[in-house]
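Working notes, beginning with the structure itself.
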Amino acid sequence: MTKTIDVSGLSKSYAGNKIIDRLSLTVASGEIYGLLGANGAGKSTTIECLLGTKQADAGTIRILGLDPYKDRQQLFEQVGVQFQEAHYPQQIKVKELCEETACLYQDAANYQTLLRQFALIEKANALVSDLSGGQRQKLFILLALLAKPKVLFLDELTTGLDPKARRDIWQSIQELKRHGLTIFLSSHFMDEVETLCDRISILKNGRLSFTGTIPEAIAQSPYDNFEESYLWFIGEEIR
Amino acid sequence: MNRFFTLLKIEGKLSLRGMDMIIFALCLPVVVVVILGFIYSDAPVFLAQSFGAISTIAICAGGIMGLPLVIADYRQKKILKRYKVTPTKPILLLAVQLTIYALYALLSLFLIFIVAFLFFDMSLTGSWSLFLITYLLVMCSLFSIGIMVGGIAPNSKIASIIASILYFPMLLFSGATIPYEIMPTNLQKIAHILPLTHGIKLLKAVSLNQPIETTGIIIMIICLIICSGIALKFFRWE
């Protein structure tokens with residue numbers, strides 16, 4: 001198994017509070033890996049450390065064998081990132097945002113082709129702010145793909161979307177997996193995680209309370225469905 | 001370099017779409033030239049005296065208003081942060097914005113010169129190249145104020161308040177719109193604190209081929225050093 005993402009002993013504190021405590025995880029090449037946990041469990045901080053936008057206090061992080069803090073320029077030619085909230089200038093059009101993002105990479109994908117693939121081609125001249133929530137989310141996944149990435153980070157993939165839009169996005173993600181992409185995602189929706197993820201980790205108070213496949217998670221808990229098992233692992237089971 | 005020009009093209013389009021700079025940096029100075037041109041139609045020399053001052057309206061609009069707002073906005077929207085997970089750095093976007101506002105200022109200078117020269121018979125006795133160098137110095141100095149404000153303001157709202165507090169007094173009291181000479185002495189004293197007042201005095205002296213005050217140059221350079229120093233040290237990318 002090739003380790004595409006390899007994290008060991010990652011720790012991060014803010015003002016004396018340990019947010020992440022000696023966290024280790026590995027993601028194999030071609031895998032969809034889900035990071036779960038309640039709000040405040042340290043998901044965002046973990047992702048930020050993985051991406052090098054925050055510097056870890058301790059531990060090593062390797063993505064495709066590169067250090068995201070020191071080798072960022074080389075690494076981000078091959079890594080696509082979609083942040084939790086969409087960030088774009090006011091009054092920018094879809095194709096302008098695509099062009100602006102594409103020009104940042106030495107070898108970018110053709111955005112016209114991607115717009116067609118994601119059924120957004122008729123929206124090329126629309127303002128990004130005029131898109132529906134689902135279309136905008138698709139656009140931001142598309143932008144993350146402009147790097148022709150080997151690894152994709154998706155933070156809170158479908159938060160705030162309607163059921164149809166979520167299913168659309170799941171399909172796109174599964175399609176990407178078929179092309180061999182390694183995907184690291186965070187999510188609050190158990191149905192989404194069950195549909196997409198090969199393996200998951202559950203964060204509780206900055207440490208992993210579970211790592212493995214979904215059937216393993218259910219088997220290790222006293223419950224027989226994943227949502228209840230998840231709540232059991234984060235210590236919030238319904239009494 | 002290709003990166004830079006693609007971003008310049010798109011960010012430039014976005015800026016034009018916003019209209020603010022077209023109004024405040026390109027139209028407003030021309031309107032002022034036209035009004036003064038008619039007022040002084042018998043004596044174009046008076047228009048020449050105001051030319052240096054009018055030329056700074058666009059610098060002010062871009063440096064004191066435009067720059068801090070766009071920097072604070074892009075930080076608040078986490079656009080600068082998004083650039084951190086690409087092969088480039090957020091400073092590229094900053095360089096693009098600086099270039100856009102510099103282009104507005106130069107274009108404005110060109111427009112007001114053409115209007116004053118063609119329609120109101122204005123002629124400047126000073127050296128053009130010296131004027132341009134002084135203009136760039138004043139521009140750098142005022143842009144550094146804008147980068148500092150945008151870089152350290154905690155959010156767009158506060159950036160916009162600080163920018164307004166700096167912009168309107170500078171525009172009104174440093175001689176950019178109302179001639180410094182006709183102000184009451186007390187107001188002149190207040191105006192003397194504003195860096196733009198010294199910038200305008202310099203430009204005026206250069207354009208009319210009068211002796212330059214070294215203090216003016218020193219104030220411009222000190223302002224540039226202090227503001228860029230603060231910006232470098234305390235700039236917040238997110």
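Letters A, B, ... mirror the listed sequences (proteins, then strands); counts begin at 1.
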Test item: A:R72 side-chain N/O and B:P87 main-chain N/O as donor-acceptor pair under 3.5 Å
no

Evaluate whether atom OH of A:Y69 has more than 12 neighbouring non-hydrogen atoms of other residues, nucleotides or ligands under 6.0 angstrom away.
no

Positions in residues 98-105 of chain A that reach chain B, provided some heavy atom is under 4.5 Å away:
A:E99, A:E100, A:T101, A:C103, A:L104, A:Y105

When you look at CG of A:D21, are more than 12 heavy atoms from neighbouring residues, nucleotides or ligands closer to it than 6.0 Å?
yes

Step through the shown structure and confirm whether more than 12 heavy atoms of other residues, nucleotides or ligands are within 6.0 Å of CD1 on B:I91.
no

A:Q90 and B:K77, any side-chain heavy atoms less than 4.5 Å apart
yes

Over all atoms of both residues, closest heavy-atom pair of A:P89 and B:E11:
CG-OE2, 4.2 Å

Would one find more than 12 heavy atoms of other residues, nucleotides or ligands at under 6.0 Å from atom NZ of A:K123?
no

Nearest atoms (heavy-atom pairs only) where A:F76 meets B:V85:
CD2-O, 3.2 Å

Please identify, among A:E96, A:Q78, A:Q106, the residue contributing the most non-hydrogen atom pairs under 4.5 Å to chain B.
A:E96

For B:S160, which residues count as a side-chain hydrogen bond (donor to acceptor under 3.5 Å, both in side chains) partner, sequence neighbours excluded?
none

Under 4.5 Å from any heavy atom of chain B, what part of A:L75 do you find: side chain, backbone, both or neither?
neither

Could you give all pairs that pass the salt bridge (charged side-chain N to carboxylate O under 4.0 Å, His left out) test and reach residues 161-174 of chain B, with sequence neighbours left out?
none

Other residues, nucleotides, ligands: >12 heavy atoms within 6.0 Å of A:K95 NZ:
no

Nearest 0.5 Å please: distance from the NE2 atom of A:H87 over to the CG atom of B:L80.
11.0 Å

Hey, does A:L97 have a side-chain heavy atom less than 4.5 Å from the side chain of B:I10?
no

Report yes if some heavy atom in the side chain of B:K81 is under 4.5 Å from a heavy atom in the side chain of A:E48; otherwise report no.
yes

Applying side-chain hydrogen bond (donor to acceptor under 3.5 Å, both in side chains), can you list everything that pairs with B:S228, at least two apart in sequence or on another chain?
none

Other residues, nucleotides, ligands: >12 heavy atoms within 6.0 Å of A:Y33 OH
yes

Can you tell me if A:Q73 has over 12 outside heavy atoms packed within less than 6.0 Å of its CD?
no

Is the backbone of A:Y88 close enough, under 3.5 Å, to the side chain of B:R82 for a donor and an acceptor to pair up by distance?
no

Spacing of B:T88 atom OG1 and A:E77 atom CD [to the nearest 0.5 Å]:
10.0 Å

